Amino acid sequence: MTDWSDPEALDCSDEDTFDALLDRAETREKGNYFEFFAEGDELSHDPGLRLSQHGSEGWMGQTLNHDPAYWRSDAARERGFDGVPVHPDYLLACVMGITVEDLSEKGGYFLGRTDVEFHRPAYPGTELAVTSRVVDTRTSSSRPTYGIVTWETEGRDRETGDRLVSYERTNMIPRREPAATDGGGSMADGDGVDPETPDLPETLLAPDGARFEDFSTALERAEAEDAAVAYRHERGRTMDDQLVAGLPLSTLNTARQHHNRDEMADSPSGDIVAYGDVTRSIALAHARSDEATYRERRFEDERFHSFVTLGDTIYGFTRVLDCDPDAGPDRAGAVTFEHVAFNQDSTPVYSGRRTALIQRQQ
Ligand SMILES: CC(C)(COP(=O)(O)OP(=O)(O)OC[C@H]1O[C@@H](n2cnc3c(N)ncnc32)[C@H](O)[C@@H]1OP(=O)(O)O)[C@@H](O)C(=O)NCCC(=O)NCCSC(=O)C[C@H](O)C(=O)O
């Protein structure tokens, strides 16, 4: 009888034997299929992550987020922070990264997120505690091999229990027992445009500067002229391996969508895709480079319209929706923007509504 604990018992040079062995071996699974989730379930995510200056700087450098308040102590103090905080995009990606093994590792695409709220700044050294609640589950009518799941997630400081950020997100999640046919023949057509949305006016204005008054004056002008305040940002960023696979892995995001080409070959995208939070952070960095941001407040109705793959270049487009002079402290007013990330073919890949406090003229 063969002794199967004998190291010599497995001949790796014989491919057929090894193939047959793999066929018989059970795969120890990671992640969860659609059927695992039931409305009301609460999950406490086990992976640990300590926010770090190095991680935040790596994220900001790669995504072009250069706001000095997240890099330098004098700029941070001047903006009313107690030290140099980690960047909100990095915080959000870390909180979401920790959830991936439980929620979306199985290969489900990130479709959208809303009610993103930053409750207080987070500083390097903070250890995260992250929990989620299943808000909704349903099967997809257009893609029967998938279900659609929505979770509410909260990221807290593990030591103090303070809430740092919370949001609600929705993913397509593969079904363990899919319906017989996949009716979803049509891939995302990429236009990403709501047919109910009226066309923008002919005239598009850009603000004259980066301060709150520049945005509010531009909006007033636009209202008087039946125009819209909407403009492009010049920078672009091409998706390389570091952005597609490196950044998500640095936040413990183990979704195979970003680092396992072999598994993704048979998926709707046919290849690895960029993490939605990386795509979004690049487009927001383009927008922030044209404004004097004071604080990030909230995000609503974030949607991922089309896949971003290696070699795609991400550009940004911004529309100004509202200015509220009374919403912030003396030195800043609230501006609500709609940001759109688009690729080299002008295909929208992300859109979202963002409210940020923008510094007033000094
Ligand atoms: C994935 C797609 C190719 C699917 O395109 P398509 O088949 O055209 O369908 P739709 O996108 O219209 O929608 C599919 C169903 O999902 C519902 N939906 C869509 N958005 C939302 C939303 N925000 N909230 C709730 N439900 C939503 C629709 O109503 C459809 O339902 P049904 O009719 O019943 O089927 C295409 O969407 C696409 O390319 N999207 C981009 C995906 C992407 O690239 N995401 C970012 C990368 S993946 C990622 O970041 C993973 C991350 O790490 C993680 O772990 O989550």
Side-chain angles (χ1 to χ4, degrees), residues 30-32 34 37 45 47 92-116 130 132 135-153 167-175 178-179 182-195 239 243-260 263-264 267-283 299-310 312 314 341-343 347-353:
K30 281 276 177 288
N32 293 305
F34 170 71
F37 300 103
H45 306 292
L92 186 60
C94 287
V95 166
M96 185 159 143
I98 287 176
T99 70
V100 166
E101 184 174 346
D102 293 329
L103 305 188
S104 49
E105 173 156 346
K106 268 286 184 257
Y109 298 105
F110 182 12
L111 292 173
R113 187 172 48 199
T114 196
D115 293 340
V116 181
V130 181
S132 298
V135 174
D136 189 49
T137 69
R138 68 174 181 89
T139 52
S140 162
S141 52
S142 60
R143 293 182 172 269
T145 53
Y146 287 90
I148 294 167
V149 184
T150 300
W151 309 271
E152 252 171 25
T153 294
Y167 60 82
E168 188 178 292
R169 85 154 149 140
T170 300
N171 273 56
M172 270 168 58
I173 299 293
R175 291 167 66 177
D182 184 346
S186 76
M187 291 297 291
D189 59 10
D191 64 7
V193 176
D194 179 350
M239 290 293 186
L243 283 172
V244 174
L247 281 190
L249 289 173
S250 75
T251 62
L252 307 191
N253 180 334
T254 46
R256 64 177 63 166
Q257 298 90 299
H258 315 308
H259 63 268
N260 189 334
E263 282 283 353
M264 294 304 288
S267 70
S269 53
D271 200 350
I272 52 173
V273 295
Y275 174 24
D277 268 338
V278 170
T279 303
R280 155 197 193 274
S281 189
I282 291 169
F299 287 83
E300 283 163 300
D301 207 14
E302 295 196 289
R303 282 165 184 266
F304 296 95
H305 301 282
S306 207
F307 300 125
V308 174
T309 52
L310 279 165
D312 284 346
I314 300 302
F342 62 95
N343 67 15
T347 300
V349 293
Y350 159 89
S351 63
R353 218 160 51 245

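Numbering of ligands and ligand atoms starts at 1, following listing order. The structure displayed is predicted, hence computed values, not measured ones.
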Inset, instruction - Only heavy atoms count here, so choose which of L103, V149, I148 is nearest to atom 16 (O) of ligand 1. - result: I148
Legend entry - Option of least heavy-atom distance to atom 39 (O) of ligand 1 (set: A274, S306, P248): S306
Output yes when a side-chain donor or acceptor of [X] lies under 3.5 Å from a complementary backbone atom of [Y], and no otherwise.
{"X": "Y109", "Y": "S269", "value": "yes"}
{"X": "S281", "Y": "V278", "value": "no"}
{"X": "H259", "Y": "A255", "value": "yes"}
{"X": "D102", "Y": "T99", "value": "no"}
{"X": "T114", "Y": "D301", "value": "yes"}
{"X": "K30", "Y": "K106", "value": "no"}

Under a 4.0 Å heavy-atom limit, does [X] contact ligand 1 with its side chain, its backbone, both, or neither?
{"X": "R138", "answer": "side chain"}
{"X": "D277", "answer": "neither"}
{"X": "A255", "answer": "side chain"}
{"X": "T279", "answer": "neither"}

Sub-3.5 Å N/O-N/O distance, [X] and ligand 1:
{"X": "F110", "result": "yes"}
{"X": "S140", "result": "yes"}
{"X": "Y109", "result": "no"}
{"X": "R143", "result": "yes"}
{"X": "G276", "result": "yes"}
{"X": "E302", "result": "no"}
{"X": "G108", "result": "no"}

Please report the shortest heavy-atom distance between [X] and [Y], naming the atom on each side.
{"X": "P47", "Y": "I98", "value": "O-CG2, 3.5 Å"}
{"X": "F34", "Y": "I173", "value": "N-CG2, 3.4 Å"}
{"X": "I314", "Y": "A283", "value": "CG2-N, 4.4 Å"}

Ligand 1 atoms in contact with [X] (distance to a heavy atom under 4.0 Å):
{"X": "R169", "result": "54 (C), 55 (O), 56 (O)"}
{"X": "M172", "result": "1 (C)"}
{"X": "N171", "result": "54 (C), 56 (O)"}
{"X": "Q257", "result": "51 (C)"}
{"X": "N253", "result": "53 (O)"}
{"X": "S104", "result": "54 (C), 55 (O), 56 (O)"}
{"X": "T170", "result": "24 (N), 25 (C), 26 (N)"}

Inset, instruction - Before accepting this row, confirm whether a basic side-chain N of the pair E263/R256 lies closer than 4.0 Å to the acidic partner's carboxylate O. - result: yes
[X] vs [Y] side-chain heavy atoms within contact, under 4.5 Å:
{"X": "F110", "Y": "N171", "value": "yes"}
{"X": "R143", "Y": "P268", "value": "yes"}
{"X": "L247", "Y": "Y275", "value": "no"}

Does even one non-hydrogen atom of [X] get within less than 4.0 Å of ligand 1?
{"X": "G97", "answer": "no"}
{"X": "M96", "answer": "yes"}
{"X": "P268", "answer": "no"}

Inset, instruction - State whether a side-chain donor-acceptor pair under 3.5 Å links E101 with T254. - result: no
